[in-house]
There are 2 protein chains.
Amino acid sequence: MVLASIRKAVEELVAEEGSDAVTIPMVAERAGVNHSSIYRRWGDARTMINDLATYRLDPDRGLPDTGDLRADLTAWAQELISHYSVPVNAALLRGGAATAGENESDCLRNRRSEAAVFAARPGAGFTGDDVIDRVVAPIVYRVVFLPWTLPETDPRSYVDGLFHRSG
Amino acid sequence: MVLASIRKAVEELVAEEGSDAVTIPMVAERAGVNHSSIYRRWGDARTMINDLATYRLDPDRGLPDTGDLRADLTAWAQELISHYSVPVNAALLRGGAATAGENESDCLRNRRSEAAVFAARPGAGFTGDDVIDRVVAPIVYRVVFLPWTLPETDPRSYVDGLFHRSG
DNA sequence: AAGCTAACGCACACATCTTGGCTTTAGGTG
DNA sequence: CACCTAAAGCCAAGATGTGTGCGTTAGCTT
């Protein structure tokens, strides 16, 4: 009950104000709980947001696996685009970007391990880093810096880049 | 004198603490100036940081133009990598990412207009968006999320991707 | 040197965030 | 039902950040 209302308040506020403008008292007021409860549970706003954000994209959801690697990658990329088209998820990614770099447990780590899974499938002539560079990076760039171009973003050309390489 | 010490303090603190953790009192103390001077000049921390960050990469520096488009693009990409290998510049980019999306005047706008210049040169079989997707995005992704991979990042394969496309 | 102006420092008021002690409530256990 | 524990609420003090009125200084012009 309390946790659910906190989660709802955090997601609303992150989408409205941006991840770095959210404070504990703001969340407490909107959630209708006392702010000391939040301080005791998480300590600070960033820990709270990162913790609640962890559950947004299920790591056990399973990856596309039809046997057609190119189609699977395209479906996976489309899944990312759809996910980050939701404002709160985009806002969380931007907030994660602000604190990335130092901590290895950034909000895209799961994405990178998924990329490695695809690169390990038979017939893949590319590495996990290639998937990051050619598929994930352009999508993430658009989410962060050009979100209004996301609805028209077609992952097919990105995935094609993986298969049309020279070396 | 005052401005120089403020600039130095801001750059140090942004590199150390991250762009969103820098407050006016922190800067004032390290710079040895009164915080009211900073409040009067800039109003708030983000305005200050963005203003001081504006001068980090000269928009009039001129782009490589040897006649060899591929070599020019590679040199330009290498310039980006070198620039963002400096910790303060990477930290500023992460801070810019946190507040991007809404305001169109993000910290990478100049990079996009430069990309368009290359795409307009004779013999370019790609658009400015292609340059963003295939060259700028992977570099920016690494700067933000995987900064330790930056020293080994070679822009050539990214640029090659622009010339080996199918459609 | 006198006077002007813009920048700066000082002190204070105010708002907000943070933290801890203590009490109350909810849910489970013997 | 009485007891126990964990979670949440209440309240108050303290720390930090923000904003402003006013006096002072530095640098320039005449």
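Model, not experiment: these values are computed from the prediction. Below, chains carry the letters A, B, ... as their sequence lines are ordered, and counting in each starts from 1. Computed from heavy atoms alone, side chains included, the values below leave out hydrogens, waters and symmetry copies.
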Filtered N/O pairs between nucleotides 21-24 of chain D and protein, under 3.5 Å:
unit_1 : atom_1 : unit_2 : atom_2 : d
D/dG21 : O6     : B/R40  : NH2    : 2.2
D/dC22 : N4     : B/R40  : NH2    : 3.4

Can you name the atoms? Protein N/O to nucleotides 15-18 of chain D N/O, anything below 3.5 Å, with the distance.
unit_1 : atom_1 : unit_2 : atom_2 : d
D/dG17 : OP1    : B/T23  : OG1    : 3.4
D/dT18 : OP2    : B/Y39  : OH     : 3.1
D/dT18 : O5'    : B/Y39  : OH     : 3.3

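Look at CG on A/N34: it is 16 Å from P on C/dT23, rounded to the nearest Å. Going from atom CH2 of B/W42 over to atom C1' of C/dC8 covers 13 Å, rounded to whole Å. Across the protein-nucleic acid pair, A/L3 atom CG and D/dA8 atom P stand 8 Å apart, rounded to whole Å. Atoms CD (A/E29) and P (C/dT16) sit 10 Å apart, rounded to a whole Å. In this structure, A/R41 places its CZ atom 8 Å from C1' of D/dA7, rounding to the nearest Å. D/dG9 atom P lies 9 Å from atom CD1 of A/I38, rounded to whole Å.
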Could you walk me through whether B/R30 and B/E16 satisfy the salt bridge (Lys or Arg N to Asp or Glu O under 4.0 Å) test, starting with their C-alpha distance in whole Å, then the side-chain angles of each, then the deciding distance to 0.1 Å, before giving a yes or no? CA-CA 13 Å; B/R30 182 168 303 205; B/E16 288 171 19; 3.0 Å; yes

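A donor-acceptor pair shorter than 3.5 Å can be found between the side chains of B/D130 and B/T127.
Cluster membership check: A/V86 does not share its hydrophobic cluster with A/I139, using side-chain heavy-atom separations under 4.5 Å among Ile, Leu, Val, Met, Phe, Trp and Tyr.
What you find for B/V33 and B/S5 is that their closest heavy atoms are CG1-OG, 4.1 Å. Closest approach of B/G67 to B/D72, counting heavy atoms only: N-OD2, 3.7 Å.
Ion pairing between A/R46 and A/D20 fails under the 4.0 Å rule for side-chain N and carboxylate O.
The shortest side-chain heavy-atom distance between B/R111 and B/L108 falls under the 4.5 Å cut-off.
Looking at residues two or more places apart in sequence or on another chain, you find a ring pair (Phe, Tyr, Trp, His ring centres under 6.0 Å) between A/W76 and A/F118.
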